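Quantities reported herein were computed from a predicted structural model and do not represent experimental measurements.
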Amino acid sequence: MSAYDPKKIEEKWNKKWLKEKVFKASDDSSKPKYYQLETFPYPSAAGLHMGHPKGYTAEDIHARYMRMRGYEVLYTMGWDAFGLPTENYAIKVGKNPKEIALANTDNFRRQVQMFGFSYDWDREIDTSSPEYYKWTQWLFIQLYKKGLAYRAEARVNWCPKDQTVLANEQVIDGKCERCGTEIEERNMEQWFFKITDYADRLLTDLKGLDWPSATIKRQEDWIGKSEGAEIDFELNLPRPKMDLVFATNNQGKFKRMQKLFAAAGLGITLKMPKEIGIANFDVVEDGKTIAENAGKKARALANLTDLPVFADDTGFFIAGEEIDPVTVKRNALGGADEKALTVEQIAEKMQVYYKAIATARGGKVDAEWRQALCFITPEKAVVHEEAVRPVVLTDERHGTLDPSLPLRGLYIPKITGKYPSEETEEEELLELKSLMEAIQRLFTPAIKIFTTRPDTLFGATYLVLAPEHPFVDGCIKQKAISNLDEVAAYVKVSSHKTDRMRQEDVKDKTGVELKGVRAINPVTKEEIPIWVADYVLGSYGTGAIMAVPAHDERDFEFAKKFGLPIRKAVVPKPLIPGVPVVGAAMGGAAPELRVEEELWEGRGDLINSGEFTGMDSEKAKAEIVAFAGGKMKTQYKLRDWSVSRQRYWGVPIPMIHCPKDGIVPVPESELPVILPDLENYRPQGMPPLAGSPAFINVKCPQCGGDAKRDAETLDTFVDSSWYFLRYPDPHNDGEIFDKKKAAHWMPVDLYVIGAEHTVLHLLYSRFITKFLHDEGYVSFVEPFTRLKHQGLIMAADGQKMSKSKGNVVNPDEIVAEFGADVTRMYLMFIGPFDDATPWDAKGILGVERFLKRFWKYCTGASEAKDVATVPSAKNALHRTIKKVGEDIEAFKFNTAISALMIFLNEAELATPPAKEDLSALVKIIHPFAPHMAQELWSFMGNHGYLDFEPWPAYDPALIAQEKITIVFQVNGKTKDTVSVDAAIKEDAAKEMALASEKIRFAIAAAGRSDAQSPKRIIYVDKKLVNIVI
RNA sequence: GCCCGGGUGGCGGAAUGGCAGACGCAAUGGACUCAAAAUCCAUCGAUCGCAAGGUCAUGAGGGUUCGACUCCCUCCUCGGGCACCA
């Protein structure tokens, strides 16, 4: 047998593997499935960098190992080929992006094939191919149909160099993630995906995933859930008298409501539509919820008048399900003729129906009666409110529901115990008290704030509004403040600041007071000033905060700077119960703190807090919120996903803008909307596609009139947020994927991605998966079961590899010099898989030597050494089989390789191996160095591929037979080591220890020459004996 | 500022409560050779000692334990992330 010649054998096996489609994954194998995925690369002009083969080799080792363990492995490759760098590069070299992308993918394919990764190449996908992006477009349309893709004007990040909008996530340190240019902010109309609808599920479903904890943490942080409360601060402004149109044609209802409004003393005159000259007011109540129905009615009327509009709808929540009486009646009657039934009979049928729902939902019949309101202001701002009251379904007026008794009433309101028709006006007002309170709140000038610290409400000494808060704008427009110019100037200055600039001012807060208007602290009833400051963000919460300078560092700084009052509401818990913390405000008066007193942001006991004084601050939160008339509220930092890009090389957005019908999706039968070849695809202040009349001008699919296509393309993160669902069925032209095939292969069992993808790609992919779940396409809610990250390969100097630093190691050169197997193995041996480790040009020599020696050993060219004699390497082999298998599963490839090296070091000293042992050895190195192992396998006279040979089993008995080394210690310090039988017992070990010369010597040296007995002897099984003296 | 990870020989790293430095690189000495490369053998944390052996040592300091790289506290330092989210 000749010497190890990687070039020759690697070419040979790579060709065979490809030609014979050895790694084709079968959709209907009887073997258990295993789906492995790695981030498909962005095929850049630079070719592979060393980080790619590091992650890919790990996956390939795992894939080959799993095949040997009897799994049908789906392991694939594809190209995330759309995107800016390719487009920019194409512009630079004056070629078409498509040409560039094709050349790049060809190069990438050549490179990954050179490494011998065991992909099923028949499933290769390319996001820039119409076959693929047809389904990206289809996905967009599905999201649009569900209201999850919407257009809105928004402040966006604009990269002036790339001439496009970027998602918040693509802005790093105020600069473009791709090109590093400083980002500008602009207001533009954009497409968004409503990922915020999934915020809570994206958070809770993280539990139970086999992901690195840091990645889970980063997802959680990004979603940014905060539990707090919304509290209204009334203003010292008079409540306006006003007319309000009630969106109903029902005279009876109108009269009752009119009386209620009058009785509540709100200064509001309720009018019917016909009173303001609107005769035909009619709306179909087909909303999914009562709030939606109320909204529909209000909106329909609001389009016809400039007066504020009010609409209501009523219904029930029974055992968690919302149902309006109209629906209940329809379902309860089940097609029966209503006119043929008595009122009692209808009531009975309805109650049976209610009961059935309740029983289906776990037997609980407790229910809530709800009245949903919708107000629309003359400025078309929409406000929803709801009044909720528990009711009990009864058979008798005050009894409980017993299925065996005859059914009577429909419901009994809890307070008066009467049917609505029997109530007096006062009683009805009492019943609807919470509703009237909600109305009252709506029409009382107030500012709604969000806080996570409602427990500190008694310490709120001023409010702060974001400069973009509508109230600030209102104050300026209506000239409601005395320092108009000052406020207007401040708002103007901050509107020119980017978020980035605002952040730079963290330590120097600015702001102005709205003079002439004050807010009322809802619990202290004190009038407090209102300020405008850009340290409050308009885009989070309600854009307004209550400032509690004693318990919030930002408010504290602001209060110090502008001389605002600071009042303590919480003091730290006393260390000894009952004894107050020294320095805390004691003994009553003097709630005002001096500025130099420190702030306390932690939990504690309430002070200066009226009836809540003395309570634990955490426990007081909910009670204070209720007391202040606020409500608990959960906020998320997560924002909707902006997906429009004003560039060429991406997926065209499959939407049509019709002057008559508005936005109309391209009919699904007309997909894909092909990205056309353009003469000029450079961005020039507008999306390149807008410059192509042939593309843009189109007939509206709805009315057939002239319309225009959307000229923007999709963020490439959309392409990659579903690609893992395409591999199970990559060539399907009739649907996005076959549900059965997806159900068979998904979810992905193992996903290896770079640490840079821990937020966006994962979040987006999880969102799309959940959406497809909700649409019934997949049954699971999380796409990736187990996740691993590969650490970077750094340059030899410990720096990141970069072209500009000239420290890049080129995979082509390394493979040409050492071969793919050596390169693969060194990438795995270099350090722990998820650590960033520097490339050591000399270090690879060690792996090369090892593989050469391994080759020699297996081909019989190495002679047994005369230096020492190790009778058999069999025990060591079985120990190694165990170790290598366990390490592959745990992604500890460096120690797996080290175990193989240790084995060879020992085996070379032993007698030549038996054939079966040699076979096992070749099998366990195969995942790491598959070309060499396969060549050895065939040299040993075998046919077929190692990938389908079973992974060798180890014999635990052989491992147990091995001698073990046991340690003797005196006072925890090792004094002697002996090799003993693995089956050694405690008594024997202790005896041996006490008999040891070295131990006796050590005991004597420790000054106990009087040979007194040890205080204690500690025995750890198969490890040590420790003699304590 | 806050949150997460790290810090072990000249270097990459191993050991997750039980022999610190596995495995590999580099280095030194030797064998082979006319010579070099390749290969093979030996040494290889510091320190004291002729030696046997001792002492010190896992960023620093404290603690828990029979025993700590490993667990706890304080601090230093490097890397990454978030950054006025109320």
Q: Taking atom C1' in both rG53(B) and rC72(B), compute the distance separating them and give it to the nearest angstrom.
A: 36 Å

Q: Determine the interatomic distance between C1' on rG63(B) and the same-named atom on rA46(B); round to the nearest Å.
A: 27 Å

Q. Which comes earlier along RNA chain B counting from the 5' end, the contact point of K852(A) or that of D555(A), where each point is its nearest nucleotide?
A. K852(A)

(Q) Is there a side-chain contact between N894(A) and the phosphate of rC23(B), meaning an N or O under 4.0 Å from OP1 or OP2? (A) no

Q | Any side-chain heavy-atom pair of L763(A) and F717(A) under 4.5 Å | A | no

Q.
Quick test of your reading of the model: are K842(A) and D840(A) salt-bridged, counting only N-O distances below 4.0 Å?
A. no

Q: Would you tell me if any nitrogen or oxygen in the side chain of R849(A) comes within less than 4.0 Å of OP1 or OP2 on rC25(B)?
A: yes

Q) How far, in whole Å, is rA83(B) from rC23(B) if one measures between their P atoms? A) 46 Å

Q. Reckon K973(A) has a side-chain N or O less than 4.0 Å from the OP1 or OP2 of rC56(B)?
A. yes

Q) Nearest nucleotide by nearest heavy atom, which residue falls closer to the 5' end of RNA chain B, A214(A) or G972(A)? A) A214(A)

Q | Whole-Å gap separating C1' (rA37(B)) and CD (E848(A)) | A | 13 Å

Q: Quote, to the nearest angstrom, the C1' distance that separates rG67(B) from rC11(B).
A: 31 Å

Q. NA contact type, N905(A), heavy-atom cut-off 4.0 Å: base, sugar-phosphate, or nothing?
A. sugar-phosphate

Q: Specify whether H469(A) and F471(A) have parallel, tilted or perpendicular ring planes, treating 30° as the upper limit for parallel and 60° as the lower limit for perpendicular.
A: perpendicular

Q. What form does the base of rG5(B) take, syn (within 90° of 0) or anti?
A. anti

Q) So what does I902(A) hit on the nucleic acid, given a heavy-atom distance under 4.0 Å: a base, only sugar-phosphate, or nothing? A) sugar-phosphate

(Q) Using atom P in both nucleotides, what's the gap between rG13(B) and rG79(B) to the nearest angstrom? (A) 16 Å

Q. Expressed as a whole number of Å, how far does the P atom of rG29(B) sit from that of rC78(B)?
A. 38 Å

Q | Within-4.5 Å side-chain heavy-atom neighbours: K560(A) and K509(A) | A | no

Q.
Using 0.5 Å steps for rounding, measure from the CG atom of L463(A) to the CD1 atom of I447(A).
A. 6.0 Å

Q. Do the side-chain N or O atoms of S226(A) get closer than 4.0 angstrom to the phosphate oxygens (OP1, OP2) of rA86(B)?
A. yes

Q: Check whether the side chain of E553(A) and the base of rG1(B) form a donor-acceptor pair under 3.5 Å.
A: no

